[in-house]
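Sharing a structure below in structure tokens format, with a few things to ask.
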Amino acid sequence: MTKLAARRDEEADEKPRRGRPRCLIRRHAVLESSLVLLGERGFRGVTMEAIAEHAGVGKVTLYRHWPSKAAIFMDAFLAKQQAEVPFGDTGSALDDLRIGMLSLMKLFRGPMGPQVAGLIAEGILDPEVGEILRTRWVRPRRAEAAKIVQRGIDAGQLPKDCDAEALLDALYGPIYLRLMLGHEKIDRAFVEKTFATVTKGIRP
């Protein structure tokens, strides 16, 4: 693409539109397109150019907002996760953790499950993808979950010496294990049994 064509592409993409802000419409289209293509082609089969074409936006605009396709996928996952796997405050730290596990189960049982598994697998092979995965998905969610554990400690619902990192690994690790290996189903019975087994020894 020539510089002139790229400039025209960018200007066309920036034209205002009535109703919902153009930038939000464009962002939504990019994120949705990335997930569609990821499901059809897998991580390595998707390019920035393919996402731009599918979303109907210019490549210049795409690269201005996202440095790589991994960053786009992660933003798409985060948008889904924030809507479908929220961390609440019911007044019971253990109930909040249990609800979070069940919400993650539902997310992984849908189309997002294989997509997340594919991104995790790619992150093992590609350091850049792995770092994006850790900094934008794993660490923020663990930080929110750790706050729940601390609330439980402060309220006397969990022992004062409760190790948040170890507890979260024990609760959520089995879900990710089944997601990646696929040796058993990720269902409600499994989540409930895991939760009961792990928390049995830490209840005051």
Side-chain angles (χ1 to χ4, degrees), residues 27 31 35 66-68 70-124 126-204:
R27 177 182 174 81
L31 298 185
L35 293 179
W66 293 278
S68 67
I72 298 177
F73 290 140
M74 189 51 54
D75 276 357
F77 290 144
L78 289 174
K80 291 285 186 180
Q81 167 257 308
Q82 289 169 356
E84 300 179 28
V85 193
F87 280 120
D89 185 357
T90 64
S92 168
L94 289 176
D95 283 347
D96 292 340
L97 292 172
R98 173 178 164 275
I99 292 171
M101 292 173 67
L102 290 172
S103 297
L104 189 65
M105 172 209 75
K106 293 177 182 178
L107 184 70
F108 284 173
R109 283 173 61 88
M112 285 284 289
Q115 295 168 352
V116 172
L119 192 61
I120 292 174
E122 190 65 28
I124 297 174
D126 187 327
E128 179 186 356
V129 176
E131 184 60 19
I132 290 176
L133 183 67
R134 287 186 292 273
T135 58
R136 303 184 68 177
W137 170 278
V138 178
R139 290 170 188 160
R141 284 197 59 79
R142 285 182 72 89
E144 288 299 312
K147 292 178 182 178
I148 296 177
V149 175
Q150 188 59 52
R151 286 205 308 262
I153 295 173
D154 295 340
Q157 299 167 358
L158 294 171
K160 291 184 178 180
D161 61 351
C162 180
D163 187 317
E165 294 297 318
L167 176 59
L168 295 177
D169 281 345
L171 289 174
Y172 288 92
I175 299 177
Y176 280 93
L177 180 65
R178 290 199 176 191
L179 173 69
M180 297 305 296
L181 298 184
H183 59 294
E184 294 287 350
K185 295 187 299 182
I186 303 175
D187 56 18
R188 188 184 187 98
F190 160 68
V191 171
E192 296 283 12
K193 184 178 293 185
T194 299
F195 177 80
T197 301
V198 172
T199 60
K200 183 178 180 179
I202 63 170
R203 293 177 182 272

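We're numbering straight along the sequence, starting at 1.
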Item to check | Test item: Met74 and Val129 side chains (from C-beta on) under 4.5 Å apart, heavy atoms | outcome: no
Checklist outcome for this item: Here the pair of heavy atoms bringing Ala79 nearest to Leu31 is CB-CD1, 4.4 Å
Item to check | Pairwise distance CD1(Ile120) to CD(Glu122) - rounded to 0.5 angstrom | outcome: 12.0 Å
Next on the checklist: Distance check, rounded to the nearest 0.5 Å: Ile148 atom CD1 versus Leu94 atom CG?
Outcome noted: 10.5 Å
Item to check | Main-chain N/O of Arg142 paired with Glu165 side-chain donor or acceptor, under 3.5 Å | outcome: no
Item to check | Cationic N near anionic O, under 4.0 Å, Glu144 to Lys147 | outcome: yes
Checklist entry - About how many Å separate CD of Gln157 and OG1 of Thr199, when rounded to the nearest 0.5 Å? => result 12.5 Å
Next on the checklist: Please determine whether side chain to side chain contact (heavy atoms under 4.5 Å, CB included) holds for the pair Phe190 and Met101, giving the CA-CA distance in whole Å, both sets of side-chain angles, and the decisive distance to 0.1 Å.
Outcome noted: CA-CA 10 Å; Phe190 160 68; Met101 292 173 67; over 6 Å; no
Checklist entry - If you measure from CD1 on Ile132 to CG on Leu119, what distance do you get to the nearest 0.5 Å? => result 8.5 Å
Item to check | Shortest non-hydrogen contact from Met105 toward Asp187 | outcome: SD-C, 3.2 Å
Checklist outcome for this item: All heavy atoms of Arg134 vs all of Pro140, minimum pair found to be O-CD, 4.0 Å
Next on the checklist: If you compare all heavy atoms of Ala117 against all heavy atoms of Leu179, which two are closest, and at what distance to 0.1 Å?
Outcome noted: CB-CG, 4.0 Å
Next on the checklist: Test your reading of the model: is there a side-chain donor-acceptor pair from Arg188 to the backbone of Leu102, 3.5 Å cut-off?
Outcome noted: no
Item to check | Worked check of side chain to side chain contact (heavy atoms under 4.5 Å, CB included) between Ile99 and Ser103 | outcome: CA-CA 6 Å; Ile99 292 171; Ser103 297; 4.2 Å; yes
Checklist entry - If every non-hydrogen atom of Phe77 is compared with every non-hydrogen atom of Met112, which pair is closest and at what distance? => result CD2-CE, 2.9 Å
Checklist entry - To the nearest 0.5 Å, what is the distance between CG (Asp75) and CH2 (Trp137)? => result 12.0 Å
Item to check | Within residues 88-124 or reaching into it, pairs that qualify as ring-ring contact (aromatic ring centres under 6.0 Å, His included) - sequence neighbours excluded | outcome: Phe108-Tyr176
Checklist entry - Can Leu97 and Leu167 be said to form a side chain to side chain contact (heavy atoms under 4.5 Å, CB included), step by step? => result CA-CA 10 Å; Leu97 292 172; Leu167 176 59; 4.2 Å; yes
Checklist entry - Could you walk me through whether Val191 and Arg98 pass the side chain to side chain contact (heavy atoms under 4.5 Å, CB included) check? => result CA-CA 8 Å; Val191 171; Arg98 173 178 164 275; 5.9 Å; no
Checklist entry - Roughly how far apart are Leu35 CG and Phe73 CZ, rounded to 0.5 Å? => result 7.5 Å
Item to check | Any pair counted as ring-ring contact (aromatic ring centres under 6.0 Å, His included), so long as it reaches residues 146-167, sequence neighbours left out | outcome: none
Checklist entry - Nearest heavy-atom pair of Leu171 and Pro174: which atoms, and what distance? => result O-CD, 3.7 Å
